[in-house]
Amino acid sequence: MIKIIHLTFVLLAFSSFIGRVLLPLTHPNLLNQKAFKIAPHVIDTLLLLSGITLVFQGSWLSGEYGWLIAKIIALLGYIGLGGVLVMRSEGTTRWLAFAGAIGLFIYIGIVAVTKNPWFFL
Ligand code: HEM
C-alpha cells in the first residue's frame with residue numbers, strides 16, 4: 001500500500017518538476033497562483049516521507065542497503081540540479097541542469113527496482 005503511495009508521488013513529483021520548467025514558457029501567469037507554488041513542496045515532502053516509511057517497513061537498514069545510499073546521494077544531486085540550478089539559471093546551463101536532473105531521476109527509479117547502484121556496468 002505504502003509502495004503504491006510512494007510510486008504515485010514519484011509520478012507526481014516527476015510531472016510537477018517538468019511542469020515547473022515548462023509552465024513558465026507556456027503559461028507564465030499560472031505560476032503566480034498559490035496552488036502552483038505550494039503543490040511541488042507538498043508532493044516532494046510526501047515522496048520523501050513515503051520513502052522513509054518504506055525503509056522501515058521493509059527493514060532495509062538491517063539488510064543490504066547500498067542501493068538506498070546510492071538513491072539518497074542521487075536524490076541530493078537531483079535536488080541540487082533540479083531544485084536549485086534549473087530554477088536559478090538561464091540558457092544552456094539551465095537546460096543542461098534539466099537534462100542532468102531527469103537523468104538522475106531515472107537513475108533513482110532504476111536503482112530502486114534493481115537494488116543495484118551499478119546496474120549499468
Ligand atoms: C526521486 C525520488 C524517488 C524515486 C524516483 C523513487 C523510485 C522508487 C521506485 C520506482 C520504487 C519501486 C521499486 C520496486 O517496486 O521494485 C521505489 C521503492 C522504494 N523507495 Fe523510492 N524513490 C524515490 C525516493 C525515495 C526516497 C527519498 C527514499 C528513502 C529515503 C526511498 C525509499 C524507497 C524504498 C525503501 C522502496 C521499497 C523498495 C522495495 O521494497 O522493494 N525512495 N522507489
Side-chain angles (χ1 to χ4, degrees):
M1 181 60 194
I2 301 282
K3 200 185 260 193
I4 294 171
I5 294 175
H6 187 60
L7 289 177
T8 306
F9 281 104
V10 167
L11 290 180
L12 285 175
F14 193 68
S15 326
S16 96
F17 173 58
I18 304 280
R20 259 177 298 164
V21 174
L22 296 186
L23 272 184
L25 305 175
T26 55
H27 303 81
N29 298 333
L30 272 184
L31 287 179
N32 294 326
Q33 288 182 21
K34 216 174 171 190
F36 280 91
K37 289 191 173 168
I38 301 173
H41 302 293
V42 175
I43 292 170
D44 293 346
T45 305
L46 292 173
L47 172 64
L48 189 63
L49 286 180
S50 60
I52 293 172
T53 308
L54 282 174
V55 172
F56 291 109
Q57 200 185 48
S59 303
W60 282 108
L61 291 182
S62 48
E64 171 54 60
Y65 56 79
W67 66 278
L68 203 54
I69 306 285
K71 215 175 151 174
I72 291 168
I73 293 172
L75 184 69
L76 293 177
Y78 166 73
I79 294 170
L81 285 181
V84 182
L85 204 55
V86 168
M87 302 305 160
R88 296 188 188 167
S89 60
E90 288 176 5
T92 313
T93 313
R94 178 173 157 87
W95 291 109
L96 282 178
F98 181 60
I102 291 189
L104 281 177
F105 197 97
I106 293 170
Y107 172 82
I108 294 171
I110 298 178
V111 168
V113 175
T114 60
K115 312 280 184 288
N116 176 12
W118 309 109
F119 63 84
F120 46 85
L121 293 183

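For reference, positions follow the sequence shown, starting with 1. Atom set for the values below is all heavy atoms of this structure, side chains included, hydrogens, waters and symmetry mates excluded. Counting starts at 1 for both ligands and their atoms, in listed order. Values in this document were obtained by computation on a predicted structure and should not be read as measured data.
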How far is atom 12 (C) of ligand 1 from its nearest protein heavy atom, and which residue and atom name does that atom have? Leu7 CD2, 3.8 Å

Mind running side chain to side chain contact (heavy atoms under 4.5 Å, CB included) on Leu47 and Phe14 for me, showing each step along the way? CA-CA 11 Å; Leu47 172 64; Phe14 193 68; over 6 Å; no

Note: ligand 1 atoms sitting under 4.0 Å from heavy atoms of Val113 are 16 (O)

Interatomic distance, Leu54 atom CG to Leu7 atom CG [nearest 0.5 angstrom]: 8.0 Å

Tell me which protein heavy atom sits closest to atom 28 (C) of ligand 1, plus the residue, atom name and distance to 0.1 Å. Gly51 CA, 3.5 Å

Counting only heavy atoms not in Ile4, do more than 12 fall under 6.0 Å of its CD1? no

Taking atom 7 (C) of ligand 1 as the reference point, the nearest protein heavy atom with its distance: Val10 CG2, 3.7 Å

Per-atom filter on ligand 1: closer than 4.0 angstrom to a heavy atom of Ile108 are 1 (C), 2 (C), 3 (C), 4 (C), 5 (C), 6 (C), 23 (C)

Pairwise side-chain contact, Glu64 with Lys115, heavy-atom cut-off 4.5 Å (strictly under): no

heavy-atom search around atom 1 (C) of ligand 1 in the protein gives Phe105 CE1, 3.4 Å

Atoms of ligand 1, numbered as shown, that sit under 4.0 Å from any heavy atom of Val55: 29 (C), 35 (C)

Give the atom numbers and elements of ligand 1 that come within less than 4.0 Å of a heavy atom of Lys3. 14 (C), 15 (O), 39 (C), 40 (O), 41 (O)

If we ignore hydrogens and angles and just use 3.5 Å, is the side chain of Ser15 paired with the main-chain N or O of Leu11 as donor and acceptor? yes

Ignoring hydrogens, just give me the one of Trp60, Tyr78, Tyr107 whose non-hydrogen atom is nearest atom 40 (O) of ligand 1. Trp60

Going by the order shown, which atoms of ligand 1 are within less than 4.0 Å of some heavy atom of Leu47? 2 (C)

Under 4.0 Å from a heavy atom of Leu48: which atoms of ligand 1 are those, numbered in the order shown and with their elements? 27 (C)

Taking all heavy atoms of Leu31 and all of Phe36, pick out the closest pair and write down the distance. CA-CB, 4.3 Å

Among all protein non-hydrogen atoms, which one is nearest to atom 18 (C) of ligand 1, and what is the separation to 0.1 Å? His6 CD2, 3.6 Å

Atoms of ligand 1, numbered as shown, that sit under 4.0 Å from any heavy atom of Lys115: 16 (O), 38 (C), 39 (C), 41 (O)

Parallel, tilted or perpendicular: ring planes of Tyr107 versus Phe120, cut at 30 and 60 degrees: tilted

List ligand 1 atoms under 4.0 Å from Leu54, heavy atoms only on the residue side. 19 (C), 34 (C), 35 (C), 36 (C), 37 (C)

Any side chain to side chain donor-acceptor pair (under 3.5 Å) pairs touching residues 44-60, not counting sequence neighbours? His6-Ser50

Measuring from Ile102:CD1 to Phe17:CZ, what's the distance to the nearest 0.5 Å? 6.0 Å

Taken to the nearest 0.5 Å, the spacing of Leu46 CG from Thr8 OG1 works out to 11.0 Å

In terms of residue, atom name and distance, what is the protein heavy atom nearest to atom 30 (C) of ligand 1? Ile52 CG1, 3.8 Å

Smallest separation among heavy atoms of Val21 and Arg94, with atom names: O-NH2, 3.4 Å

Evaluate Lys71 for polar contact with ligand 1, using N/O atom pairs at a separation under 3.5 Å. yes

Sub-4.0 Å heavy-atom approach of Phe17 to ligand 1: no

Which residue and atom name correspond to the protein heavy atom nearest atom 13 (C) of ligand 1, and how close is it? Ala112 O, 3.6 Å

